[in-house]
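To start, the structure itself, in structure tokens.
Convention: sequence-line order gives letters A, B, ...; per-chain numbering from 1. What you are looking at is a predicted structure, and each value in this text was computed from that prediction instead of being measured.
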Amino acid sequence: MSSKAVIQKKICMLGGFAVGKTSLVKRFVSGQFSEKYHTTIGVKIDQKTQCVDDTEMLLVLWDVYGEDDFQKVRASYLHGSAGYLLVVDGTRKETLDIARQLHTLAVQSMGAVPYVLVINKHDLRESWQVDPKMYEDLASNACLVLQSSAKTGEGVESAFNELAKQLLKA
Amino acid sequence: MAPPSRPSLPNSPSEISLEDSKGFSYLRRLLLQPEQTELERLKGRLEDFTLQPHDVSRVLPDAIRLRAQQDSRLLTSMIPITQEALSLSIKQSPQLISDSIAPILGPAIRKAIARAMRGMVQSLNQTLEYSMSWKGLQWRWEAFRTGKSFAEVVLLHTLRFRVEQVFLIHKKTGLLLNHVVAEGISGQGEEVISGMLTAIQDFVRDSFGQKQDDGLESLRIGDLTVWIEQGSGAILAGVIRGAPPIELREVFQETLETIHAQFSELLQVFKGDVGAFEETRLPLEDCLQAQFEKKSKGFPLAFWILLGLLILGLGIWVFQARSDQKQWAQLLERIGQEPGLVVTSIQEEGPPTIFYGLRDPLATDPEQILSEFGYSSKQAVFHLKPFMDLTPEFVEKRAYAVLQPPSSADFRWQATHLSVGGHAPHAWITQANLLGPLLPGVMSFETNGMFGTEDLERFDTLRARLERLSVNFLVGGSALTKGEKTIISKVSEILESFDKQALLLGLNPQVQVLGFTDPRGSRDANLELSTARAKNVVQALPTNSFRALKVEAIGKGVTRSAEIEGLPIGGRRAVFRVVRPQGNLLESHK
Ligand SMILES: Nc1nc2c(ncn2[C@@H]2O[C@H](COP(=O)(O)OP(=O)(O)OP(=O)(O)O)[C@@H](O)[C@H]2O)c(=O)[nH]1
Ligand SMILES: [Mg+2]
């Protein structure tokens, strides 16, 4: 097998449409960012090896399409996931509700697995619509809550790294 | 267990005396003896409780099974003991161990070696088989064009199917447990592919509302087919190039079953530790099968070309030999038929073949015949004695050869009788008259019909001289003038010679004397005058002395050039014309 890592983990990116799931993965995997928006159809899978406490891990990232009125996320994509990133678009408070629904779906289909709550697009904080009080419920069980930006790279590495750390412990 | 109920005593004391304690204890003993001993034994066992090997041996197998179901503590505690026992056993009796594992180890090693060899031999075979064929040449060209290796091109073209990659995927997480690739194939992003395959599975299943165990069985992308086998804990996906046979499915299924049998627990508790599945490599590699086109059981093209050339060569050789034979037969026939050539025997031991026989010196040179047929003295030699052929053809030939007649002489054969006509110089005629009768095969010879060439010449000369002369007259007169009498005597002299010559040649020439006038005067008068002039000339000639000649006088009136060719126009005169025989004798007697 080509990968040296013997520990593999499936991680799902969950969140409403256009919150920046694909952008976060892209930033994390290849360090790039694009202003252009191409909605994800189905699932896009990426991988990245991550070193956590001298253990090499292979993170297999399932970038699931964002949920909207027309498309509910399929539970089957979430099966077997070791953890997930719950992504909210800080400039659209309605994405919090979607995040909540997805969180419920996740708990149903994979049990209480570690997750990181990411409030994305922090570079646009002047048009911010959410504040921490609004997502206390989601934050309470999360292993980490942070503000991120796929554009500047802020918080991206730490989000994935923290999740990987939790997964190694589990 | 409920406490044992005391055995009830019979309810009729009247029958047994209670005072009789001796008797009672006897009775008791009598009634409860068996239970009593049993109780005594149990009491003894309970008081002194230690495990009896006999008892343990009865429950041990069940106990182990029950404990193993409960947790793995028994297993862990047994590991060091087993290991130690094993190593001790190996030390003490290595033969025993090696004997018992040999049956497993042998086939395993063989299998591994065979697998390694198979790939190698196959590609070698393919390369060899195709390297000499027409296809092979085309593929070489393709390899050159595309920059691929020849072996690779051969592989692609002769491939029926080949399993290029096999994925073992954890069903629940979609994570890649193990992945094997065929030789020369480089896997890329297997983990992502593995994930995507699972995602596609999920998608299809969700979209078409199938049960959990159903799923996508195959995918096609161009020349590639992906076959997917579903197990309870893992999915096996094979990427196949070409058209796989249905039996391959069974191989996949069996492999997946084997893996499940061995790893079912690990599959259930899988948390991302794929290292534990490294052992699936061997069974997975068994799925990396391939089948190539059997090359038609023919010989390579080079063989056919060679065979073709050989047949062609043989054909040419046979053809040449046959045409040689034909040529030779034709030569023999020709020699047999050649006039003046008689072959009496042929010595064929040669080369050269030797012909013995006879040859008329006038016959065609046999060497020439040889070269006509393309042979030389290397192939055939003639040993011929001269002889004289008396067939008419050769008699004639010989007559010509000996007499060498001028072209004006004319040989006329009647069987073996030869008479010569035409004309020839006197000398030739004289010689021919001497030699002719001596010619072998010539029965009679005569030259009686011949003219001497010299005589003919003289006749023609005299005639020409005569025809150039003319006798002139005065105006209106027909009498011969004095001056003209010399002309008349000259004419007479020529005519006398001419007569002699005609006599010699046996001819009777006719000479006309033609009289003419000038245009003056009437037509009748002129005719009369011209007749008188011609007559006067004839009278002046010594016509009586001529023995062969006949002389005739004709008056022609006024001269008309068209009437008498070559005559000077106009004039009062008489001229001479030899009208029979006409023309030049020398010419006409050729
Ligand atoms: N300014 C800014 N723009 C972002 C950020 N992350 C994403 N975007 C933009 O948001 C748009 C949507 O991003 P995607 O990453 O495609 O969003 P998604 O969640 O994958 O969307 P779906 O696949 O449709 O569910 C794109 O135009 C991105 O450029 C960010 O951190 N800051
Ligand atoms: Mg996307």
Side-chain angles (χ1 to χ4, degrees), chain A residues 1-13 25-26 28-30 40-50 52 55-65 71-84 105-106 109-111 113-114 163-170, chain B residues 165-181 185-216 233-235 266-281 284-285:
Chain A
M1 225 148 71
S2 59
S3 63
K4 307 116 256 155
V6 279
I7 300 291
Q8 290 186 15
K9 296 289 179 187
K10 171 176 171 180
I11 293 174
C12 280
M13 305 293 294
V25 170
K26 197 169 175 185
F28 176 58
V29 171
S30 58
T40 304
I41 295 159
V43 194
K44 165 106 175 38
I45 297 170
D46 267 296
Q47 59 172 332
K48 177 152 189 199
T49 37
Q50 186 79 348
V52 181
T55 311
E56 207 158 73
M57 284 175 81
L58 184 79
L59 303 183
V60 179
L61 307 168
W62 287 50
D63 174 17
V64 184
Y65 58 88
Q71 254 189 327
K72 298 279 166 227
V73 167
R74 293 165 198 275
S76 56
Y77 289 147
L78 312 185
H79 283 305
S81 200
Y84 55 97
L105 181 72
S109 62
M110 43 183 146
V113 296
L163 189 58
K165 225 184 242 173
Q166 293 300 322
L167 297 185
L168 199 61
K169 274 192 227 156
Chain B
Q165 306 187 48
V166 179
F167 295 83
L168 184 68
I169 303 167
H170 187 236
K171 190 167 189 167
K172 202 170 150 203
T173 60
L175 291 173
L176 186 64
L177 297 173
N178 209 343
H179 173 240
V180 292
V181 292
I185 304 287
S186 53
Q188 240 171 13
E190 309 75 73
E191 287 84 4
V192 173
I193 295 173
S194 158
M196 283 311 292
L197 274 174
T198 331
I200 294 168
Q201 291 268 338
D202 292 339
F203 173 77
V204 171
R205 202 161 27 231
D206 288 354
S207 308
F208 300 101
Q210 296 294 309
K211 290 181 268 122
Q212 180 63 25
D213 275 351
D214 291 338
L216 204 59
I235 296 168
L266 276 176
L267 284 170
Q268 265 174 27
V269 301
F270 178 68
K271 285 260 161 56
D273 177 14
V274 290
F277 290 89
E278 188 47 34
E279 274 170 57
T280 56
R281 176 164 292 274
L284 287 179
E285 275 177 350

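- With a 4.5 angstrom heavy-atom cutoff, Val43(A) touches chain B via backbone and side-chain atoms both.
- For the atom pair NZ (Lys10(A)) and OG (Ser194(B)), the distance works out to 10.0 Å, reported to the nearest 0.5 Å.
- Checked by atom type and distance alone, the side chain of Lys271(B) never pairs as donor or acceptor with a backbone atom of Leu167(A) at under 3.5 Å.
- Thr173(B) has its side chain out of reach of His79(A): every pair of non-hydrogen atoms, C-beta onward, lies at least 4.5 Å apart.
- The environment of Lys165(A) atom NZ is sparse: at most 12 non-hydrogen atoms of other residues, nucleotides or ligands sit within 6.0 angstrom.
- Note: Thr198(B) OG1 to Ile45(A) CD1 = 6.5 Å, rounded to the nearest 0.5 Å.
- Between Gln8(A) atom CD and Leu177(B) atom CG the span is 7.5 Å, to the nearest 0.5 Å.
- Residues satisfying the salt bridge (charged side-chain N to carboxylate O under 4.0 Å, His left out) test with Lys172(B), not counting sequence neighbours, are none.
- A donor-acceptor pair under 3.5 Å is absent between the side-chain atoms of Glu191(B) and the main chain of Gln47(A), judged by distance alone.
- A heavy-atom distance below 4.5 Å is not found between the side chains of Ile7(A) and Val274(B).
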